[in-house]
> 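Take a look at this one; I'll ask things after.
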Amino acid sequence: MKMTKPVPKLWVLISITISFCLFILFQIHISDLIAKNPQITQQVNNFFISIASSSSSHHQTLNLTGNANESDENRAKPPEKEDTCAGRYIYMHKLPNKFNDDIIKNCRPLIKWFDMCPFMVNSGLGPQVSVSDNTTAHVLTTRTGSWYSTNQFLLAVIFRERMKHYECLTKDPSLASAIYVPFYAGFDVSRHLWGYNTTVRDELAIKLAKWLSKRPEWMKMNGRDHFFATGRIAWDFRRVSDQDSDWGNKLMLLPEFSNMTMLAIETTAWTNEFAVPYPTYFHPKSLTEISMWQKKVKSVKRRYLFSFVGAPRPKMDGSIRGEIIKQCLASHGRCKFLNCNDSGGKDCDNPVKIMKVFQNSVFCLQPSGDSYTRRSIFDSILAGCIPVFFSPGSGYNQYKWYFPKDYKKFSVYVPENGMKNGTVSLRNVLGRVGKESVLKMRNEVVKMIPKIIYVKPGLVGPEKIEDAFEIAVGRVLERVTMVKRMMEEGKDLQSEYSQIRDLKKLE
Ligand SMILES: *[C@@H]1O[C@H](CO)[C@@H](O)[C@H](O)[C@H]1NC(C)=O
Ligand SMILES: *[C@@H]1O[C@H](CO)[C@@H](O)[C@H](O)[C@H]1NC(C)=O
Ligand SMILES: *[C@@H]1O[C@H](CO)[C@@H](O)[C@H](O)[C@H]1NC(C)=O
Ligand SMILES: *[C@@H]1O[C@H](CO)[C@@H](O)[C@H](O)[C@H]1NC(C)=O
Ligand SMILES: *[C@@H]1O[C@H](CO)[C@@H](O)[C@H](O)[C@H]1NC(C)=O
Ligand SMILES: *[C@@H]1O[C@H](CO)[C@@H](O)[C@H](O)[C@H]1NC(C)=O
Ligand SMILES: *[C@@H]1O[C@H](CO)[C@@H](O)[C@H](O)[C@H]1NC(C)=O
């Protein structure tokens, strides 16, 4: 096969009615709503599962060399024989700098309370962790320079760097199956979250929506083949009113963005949003390196039954963190608490301190904080520590592309209510899990490691790594294919784009 795909001559314009109705419902209480049409969700899910299993046999060869840059986008040349990129070509929009580079150039005000500048280096991976001292060498045991002090909000930069090196990047939009928009939406909103009116907060998103919808690439599928990735949670982009006191901007409510596939470190309940892992500290450059790490965390001796790395949250907000900390401190050494409230949270910015605690623990507690999810979930998986969830929205209903469907295989679920009403003793619940089960779960967690990390951009050798980025891109391509088919068949896209999921319910 030479050409990737025929450009669709026919498509049906389907008007979506993501109407104010839904917005108003959304405003009332989104998490109390259940999917309006579960059958359709089920069908869509089944479809995903069937294409997912058929696509796992793709044979890809990675040959990524040196430092690619955006003007170097055509390494995916149409080859003579078999086109290994068929169906996987992606075109990256060349956005004006104000939509990406200019935003992070002035890095100090990106987050009001925190200096992001040190974390921007190394394509967004942050400063490399030096393994010169003994503790570091012991905890990370790798002399390969693959550990970085990666900040949790850097996903958009890392994702874009990876895309620049994506093996099937094409300069020819007509060849592309999907179109990537390298917008730093999260940094744009976060620099304006405190002390700016809604006009300022929305300005750049509106400009980008206009820019995109005027491009010829948009016309092909009304933007339904477009996608972007953001390193902040989706709630930051779903402001429901134009009152300045409301949180965030309204990027995700703009009609143009509503047509796109949106990747974020945490999603809200809408079906065109997909959760991808927060970046962790480990960005290896070979499969061998990952295998060595997996071997280490499988065999390491773990002193603590469970641990919590985090800060307290006000109990009046319904947080169970106070109860967790209390139980941890009263555990007679069975639980390790790394207090992120101490010393200005410095310990919790230190990859060695965090990895040390998680490597030493059988179970790692992952209660929600300011939002449902936490970066810590991925740090604990990386350390082979079995995550303990207290709400389905913290993991199971988020990272569906990444986590086993059967959550009992890799984690422990303790309903939040049991913590709130004081009937659950974590020490008892976790202490009762049998040795066999622990081993099984840990093996599953360790198996997940390659899937939830972002390997180093551009330095990947011939050993293929199906990492978080590759999985996301694969799923986006599958989704666009499905949407395109639905459009060609004149099917209603509303179900696919505007359903509401219930993040709080176990399926
Ligand atoms: C990778 O690409 C380079 C430059 O295009 C080429 O010289 C080299 O032979 C390729 N290596 C493999 C393993 O295909
Ligand atoms: C990026 O591409 C331009 C034009 O091909 C080239 O001059 C420049 O050296 C490249 N930069 C890097 C870092 O490869
Ligand atoms: C670090 O390790 C080296 C070699 O194992 C040893 O000689 C040295 O004393 C250690 N230093 C500390 C501070 O433990
Ligand atoms: C919003 O803030 C900007 C900049 O401070 C100001 O120029 C503009 O008039 C404000 N708009 C409204 C509607 O208050
Ligand atoms: C979104 O897609 C629908 C068709 O699926 C189309 O009717 C609508 O105009 C698109 N919106 C924008 C802003 O392009
Ligand atoms: C967290 O730290 C702040 C400042 O040091 C302190 O005022 C507050 O009481 C601490 N909270 C807890 C629960 O430790
Ligand atoms: C506490 O919460 C758990 C979990 O939801 C529930 O099963 C239990 O009945 C509750 N107990 C009390 C005393 O409210």
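Values below: every heavy atom of this structure, side chains too, minus hydrogens, waters and symmetry copies. Just so you know, ligand 1 is whichever comes first in the structure, and atom 1 is the first atom listed for that ligand.
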> Please list the nearest protein heavy atom to atom 11 (N) of ligand 4 with its residue and the distance rounded to 0.1 Å.
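In this structure, atom 11 (N) of ligand 4 has Asn197 ND2, 2.9 Å as its nearest protein heavy atom.
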
> List the atom of Lys164, the atom of Glu161, and the distance in Å for their closest heavy-atom pair.
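Between these two residues, the closest heavy atoms are NZ-OE2, 3.0 Å.
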
> side-chain contact (heavy atoms from CB on, under 4.5 Å), that's the test. Do Glu478 and Met482 meet it? Break it down for me.
CA-CA 6 Å; Glu478 283 165 7; Met482 180 191 69; over 6 Å; no

> Considering non-hydrogen atoms of the protein only, which is the closest contact for atom 13 (C) of ligand 4, and what is the distance?
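Ranking protein heavy atoms by distance from atom 13 (C) of ligand 4, first comes Thr199 OG1, 3.7 Å.
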
> Checking side-chain polar atoms at under 3.5 Å, does Arg427 have a donor or acceptor matched by the opposite partner on Ser331?
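There is no such pair between these side chains.
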
> With Met448 as reference, evaluate Tyr402, Phe403, Phe378 under the side chain to side chain contact (heavy atoms under 4.5 Å, CB included) test and give the passing residue.
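With Met448 as partner, side chain to side chain contact (heavy atoms under 4.5 Å, CB included) holds for just one option, Phe403.
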
> If the cut-off is 4.0 Å to any non-hydrogen atom of Leu493, which atoms of ligand 5 fall inside it?
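Near Leu493, the atoms of ligand 5 are 5 (O).
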
> Taking all non-hydrogen atoms of both residues into account, name the closest pair between Arg191 and Tyr196 and its distance.
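Result for this residue pair: O-CE1, 3.5 Å.
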
> Counting each atom of ligand 5 from 1 as listed, which ones have a heavy atom of Asn259 under 4.0 Å away?
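Here the atoms of ligand 5 in question are 1 (C), 2 (O), 3 (C), 8 (C), 10 (C), 11 (N), 12 (C), 14 (O).
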
> Taking the minimum heavy-atom distance to atom 3 (C) of ligand 7, which of Val424, Val414, Asn421 ranks first?
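That would be Asn421.
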
> With a cut-off of 4.0 Å, which atoms of ligand 7 are near a heavy atom of Thr423?
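Those of ligand 7 that fall under 4.0 Å from Thr423 are 1 (C), 11 (N), 13 (C).
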
> With heavy atoms under 4.0 Å as the rule, classify the contact between Asn417 and ligand 7 as side chain, backbone, both or neither.
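Contact part for Asn417 vs ligand 7: both backbone and side chain.
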
> Looking at atom 4 (C) of ligand 4, what's its closest protein heavy atom, distance included?
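Among all protein heavy atoms, the one nearest atom 4 (C) of ligand 4 is Val200 CG2, 4.0 Å.
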
> For the ring pair Phe257 and Phe228, is the centre-to-centre distance below 6.0 Å?
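When the ring centroids of Phe257 and Phe228 are compared, they turn out to be within the sub-6.0 Å range.
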
> Is the shortest N/O to N/O distance between Trp218 and ligand 5 below 3.5 Å?
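Yes, at least one N or O pair falls under 3.5 Å.
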
> Determine, counting only non-hydrogen atoms of the protein, whether one lies under 4.0 angstrom from atom 9 (O) of ligand 4.
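No; the ligand atom in question lacks any protein heavy-atom contact below 4.0 Å.
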
> Given Met487, Arg224, Lys210, identify the one with the heavy atom nearest to atom 5 (O) of ligand 5.
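Checking each option, the heavy atom nearest atom 5 (O) of ligand 5 is found in Arg224.
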
> Ignoring hydrogens, what is the shortest heavy-atom contact between Phe410 and Ile386? Give both atom names and the distance.
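Minimum heavy-atom separation between Phe410 and Ile386: O-CG2, 3.6 Å.
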
> Any luck finding a side-chain donor-acceptor pair between Thr261 and Arg479 under 3.5 Å?
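Indeed, the side chains of Thr261 and Arg479 share at least one donor-acceptor pair under 3.5 Å.
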
